[in-house]
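Note that the structure is a prediction, hence the values are computed from the model and not measured.
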Amino acid sequence: WTRVNKTYTIYDTRLKIIGLLEGSEYQFRVTAVNAAGDSQPSDASPYILCRDPTYTPAPPTMPRITDTTKHSISMTWTRPMYDGGSDVTGYVVEILEEGTEQWYRATTKALKMNEYVAAGLAANKKYRFRVAAINSNGTGEFSEPSAEVAPLERVEMPDLELAEDLKKTVCLRAGGTLRLIVFVTGRPTPVVAWRKTGVELQSRGYIETTDSYTSLTVEKVNRYDSGKYVVEAENPSGKKTAIILVKVYG
């Protein structure tokens, strides 16, 4: 053991010790002194790591609403400018329901990512959200709350996106396979239909449609497969049509 105050007497019960090595661990004990001499040393403290002090993190940014459906609200936020001297390990999201004053925690476990989808919400209510960051020292202060937002199904006009090679005439040889892929957007998800005059495409080819694209595949094409192919996407907010020209040689 090394005596800290070799050349001076300490009259307070507090002491700042300098000259320690950062990254090293130390134990401390105290001896009381009076005119009769020194007492037995106290029990030693636990080992303490010498490092810069750490604190809980600063607040993240206010949650930004990125999407809504009739029963959910999606959001994201930016990590705190100051992490408290210790890495941020997660986030806590809290929800305030319209007409109440009590914030409640959105999840039992901390979130690892800086995004969250609040599901199971009532369609006739509005909600606010706030978020706090977590590090080894605990949970920091909460962000400013978001504006009130309701879980509403967003409506978007249908749109069809053609690859560059479909914007000009598609040429291929007889006996080959024709594959036309068109990307589809819109909310609610549009209903998609393919048409070609005088041809039932459902039987002539294979049509596949997902939430993000639609495709038409025709095998062993012949010259009768040349012509104008029309793809149409429709939802309650409108309709979008695209035309693809195909020419089969030989």
Is the [atom1] atom of [X] crowded by more than 12 outside heavy atoms at less than 6.0 Å?
{"X": "Y82", "atom1": "OH", "value": "yes"}
{"X": "Y104", "atom1": "OH", "value": "yes"}
{"X": "E148", "atom1": "CD", "value": "yes"}
{"X": "E141", "atom1": "CD", "value": "no"}
{"X": "N5", "atom1": "CG", "value": "yes"}
{"X": "R105", "atom1": "CZ", "value": "yes"}
{"X": "Q27", "atom1": "CD", "value": "yes"}

Open item on the list: One thing to verify: whether E94 and R130 come together as a salt bridge, which I'm taking to mean a side-chain N less than 4.0 angstrom from a carboxylate O.
Closed with: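 A salt bridge links R130 with E94.
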Task: Cationic N near anionic O, under 4.0 Å, R204 to D225 - done: yes
Rounded at 0.5 Å granularity, tell me how far [atom1] in [X] sits from [atom2] in [Y].
{"X": "D67", "Y": "R187", "atom1": "CG", "atom2": "CZ", "result": "4.0 Å"}
{"X": "T76", "Y": "M113", "atom1": "OG1", "atom2": "CE", "result": "9.0 Å"}
{"X": "T185", "Y": "D211", "atom1": "OG1", "atom2": "CG", "result": "11.5 Å"}
{"X": "L121", "Y": "H71", "atom1": "CG", "atom2": "NE2", "result": "9.5 Å"}
{"X": "Q102", "Y": "E97", "atom1": "CD", "atom2": "CD", "result": "12.0 Å"}
{"X": "T78", "Y": "R64", "atom1": "OG1", "atom2": "CZ", "result": "8.0 Å"}

Open item on the list: Suppose clustering is done on Ile, Leu, Val, Met, Phe, Trp and Tyr with side-chain heavy atoms closer than 4.5 Å. Which residues sit in the same group as V184?
Closed with: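 The other cluster members (ILVMFWY side chains, heavy atoms under 4.5 Å, direct or chained) are L160, L162, L166, V170, L172, L178, L180, V182, V192, W194, V199, L201, I207, L216, V218, V221, Y229, V231, I244, V246, V248.
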Task: Other ILVMFWY residues reachable from I134 by side-chain steps of under 4.5 Å - done: V92, F142
Heavy-atom side-chain proximity of [X] to [Y] below 4.5 angstrom:
{"X": "M157", "Y": "K240", "answer": "no"}
{"X": "R154", "Y": "T68", "answer": "yes"}
{"X": "Y91", "Y": "W77", "answer": "yes"}
{"X": "M75", "Y": "I65", "answer": "yes"}
{"X": "Y213", "Y": "E161", "answer": "no"}
{"X": "Y26", "Y": "I48", "answer": "no"}
{"X": "S237", "Y": "P158", "answer": "yes"}
{"X": "W1", "Y": "P41", "answer": "no"}

- [ ] Say whether, by atom type as modelled, one donor and one acceptor occur between the side chain of N135 and the main chain of G85 under 3.5 angstrom.
- [x] no
- [ ] Check for a donor-acceptor pair, side chain of N34 on one end and backbone N or O of G37 on the other, with a separation under 3.5 Å.
- [x] yes
Open item on the list: In this structure, would F28 and V33 fall into the same cluster of hydrophobic residues linked by side-chain contacts under 4.5 Å?
Closed with: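 Different clusters.
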Open item on the list: I'd like to know whether V131 forms a side-chain contact (heavy atoms from CB on, under 4.5 Å) with Y116, so could you lay out the CA-CA distance, the side-chain angles of the two residues, the decisive distance to 0.1 Å, and finally the verdict.
Closed with: CA-CA 10 Å; V131 60; Y116 176 65; over 6 Å; no
Open item on the list: List the residues meeting side-chain hydrogen bond (donor to acceptor under 3.5 Å, both in side chains) with K167, not counting sequence neighbours, and say none if there are none.
Closed with: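 Partners of K167 by the side-chain hydrogen bond (donor to acceptor under 3.5 Å, both in side chains) criterion, ordered by chain and then number, come out as E164.
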